[in-house]
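Along the sequence shown, residues are numbered consecutively beginning with 1. Order of appearance sets the numbers: ligands from 1, and atoms from 1 within every ligand.
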Amino acid sequence: MARNPPVPETYYDRVAAQHALPLWVDTAQYVPKEPTPPYDPALWRSEDIRPLLMEAGDVVTPEEASRRVLVLQNPAFSGFQGTTRSLYACLQLILPGEHAPEHRHTQSALRLVLEGEGGITTVDGGRVEMAPGDFIITPSWTWHGHTHEGDTPMIWLDGLDNGLMAQMDTTFFEAGQTELPGTGPVSTSVEEKHGEPSEGGERVLRYPYDKARENLEILRKVTDIDPSHGYRMEYLNPADGGSAMPTMTTMLMLLDDGFTGQPYRSTDGTIFTVLEGEGETMIGGQAFPWKRHDIFVVPSWSEYAHRADTESVLFSFSDRVVQLKLGVWREARSS
Ligand code: 1HN
């Protein structure tokens, strides 16, 4: 369209020289009609990544590495950008007798134990035992280290909100505190606290798998199956009934043998870890077959549908709780 008067030839250069941008140029690119996540769906197969993690046992000690961790980097990202924009999924290995030294950071972390017994993670000096399938919380800015008192390698999934902290420039990190502040014993298990709301300061940090698995069986008996998610429960903070963690929504779902889920999408890019079973998830038209201990990521607003070829249990985490707090979370189902 002709302008009267026409835009002076140097106008855009003069605007750029002032470190300003005209919003009317390519607006759709900056304010898209719906989410256009700059990362891809992806799957990490345990049979490919586990040998590399075990090899890391020969490559570095936890003292040298601080944490012997492989970050599952989204294939569309470079450097330490994470698994989604807001979250990191990592795999950590600790060998019998080893100690990963105490540190603290503003990132919240979750652990989902995949293999091994006898691992202890400390949170502000309190010991939290780790057993396969357990979901364990390391709250923001708490001192934490890991030790291994068992006799076989321990592997767990770490989930962290690193991307979220990076986006807001709220990352702090401190290492090397060995004298731990005397916060007294930590209430470590939802089991121990069963039925009682915890008092201020006491935190539930461990959600044992046997109890969670039992809860799924109860759900199967007393509720209707969700057409997309099977029988699904969310881990909650018994103190207030809200999300177990302030930045990450965590869930466990049971899919019956032969379950064929209806397509679903939501704005929280989600990382799934297979605890039991085998199946396949279609993500944006692409098939991702999975087995025990595989990890896969569904980007924001990508349509996905699960299929289970045997009875399966999947753990998931995402930044949904943050999006809910901000009033921007959306979901859609199609049938
Ligand atoms: C971290 O501190 C741990 O404490 C695990 O075990 C994974 C990934 C990125 C940044 C810090 C841990 C991590 C991490």
Side-chain angles (χ1 to χ4, degrees), residues 39 44 49-50 52-54 56-57 59-74 77-96 98-116 118-131 134-150 153-178 180 186 188 203 205-206 245-248 250 271 273 295 297 315 317-319:
Y39 60 93
W44 290 265
I49 196 88
R50 188 184 179 282
L52 292 170
L53 186 66
M54 292 305 295
V59 173
V60 278
T61 65
E63 280 80 12
E64 289 164 340
S66 175
R67 294 294 184 265
R68 194 192 280 117
V69 162
L70 294 178
V71 179
L72 304 183
Q73 184 202 47
N74 195 282
F77 287 160
S78 58
F80 284 93
Q81 282 181 281
T83 314
T84 70
R85 272 230 244 209
S86 56
L87 303 175
Y88 273 39
C90 313
L91 286 168
Q92 180 156 180
L93 169 70
I94 185 158
L95 297 172
E98 287 184 336
H99 175 66
E102 275 67 25
H103 68 203
R104 62 176 175 175
H105 36 67
T106 44
Q107 289 95 339
S108 300
L110 66 83
R111 327 279 168 198
L112 181 78
V113 182
L114 300 179
E115 274 183 54
I120 306 289
T121 187
T122 60
V123 177
D124 279 344
R127 284 165 59 95
V128 185
E129 287 177 16
M130 309 175 91
D134 290 358
F135 160 59
I136 293 161
I137 296 173
T138 307
S140 174
W141 207 236
T142 53
W143 289 103
H144 56 282
H146 318 300
T147 51
H148 191 1
E149 299 173 356
M154 281 209 69
I155 294 178
W156 62 77
L157 165 86
D158 293 301
L160 293 100
D161 55 12
N162 284 37
L164 197 60
M165 293 301 118
Q167 180 61 37
M168 298 187 295
D169 291 314
T170 48
T171 303
F172 289 87
F173 175 87
E174 206 176 343
Q177 177 102 348
T178 46
L180 293 165
V186 185
T188 55
R203 294 179 278 204
L205 301 177
R206 177 179 178 216
M245 303 181 74
T247 53
M248 293 186 274
T250 48
I271 295 158
T273 304
I295 298 168
V297 55
F315 172 87
F317 70 104
S318 77
D319 60 16

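Enclosure of atom CD in Gln167 is not indicated, since only 12 or fewer non-hydrogen atoms of other residues, nucleotides or ligands lie within 6.0 angstrom.
Between Trp141 and Phe172, the ring planes are perpendicular. Angles over 60° get that label, and only those under 30° would be called parallel.
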(request) Show your reasoning for whether side-chain hydrogen bond (donor to acceptor under 3.5 Å, both in side chains) applies to Thr147 and His99. (result) CA-CA 4 Å; Thr147 51; His99 175 66; 5.1 Å; no

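Screening Leu70, Thr83, Asp158 against Cys90 for a side-chain contact (heavy atoms from CB on, under 4.5 Å) leaves a single residue, Asp158.
Using a heavy-atom distance under 4.0 Å as the criterion, the protein contacts of ligand 1 are Arg67, Val69, Cys90, Gln92, His103, His105, Arg111, His144, His146, Asp158, Leu160, Asn162.
Listed by chain and residue number, nothing satisfies the salt bridge (Lys or Arg N to Asp or Glu O under 4.0 Å) test with Arg85 (two or more places apart in sequence, or in another chain).
With 3.5 Å as the limit, one finds a donor-acceptor pair spanning the side chains of His103 and His144.
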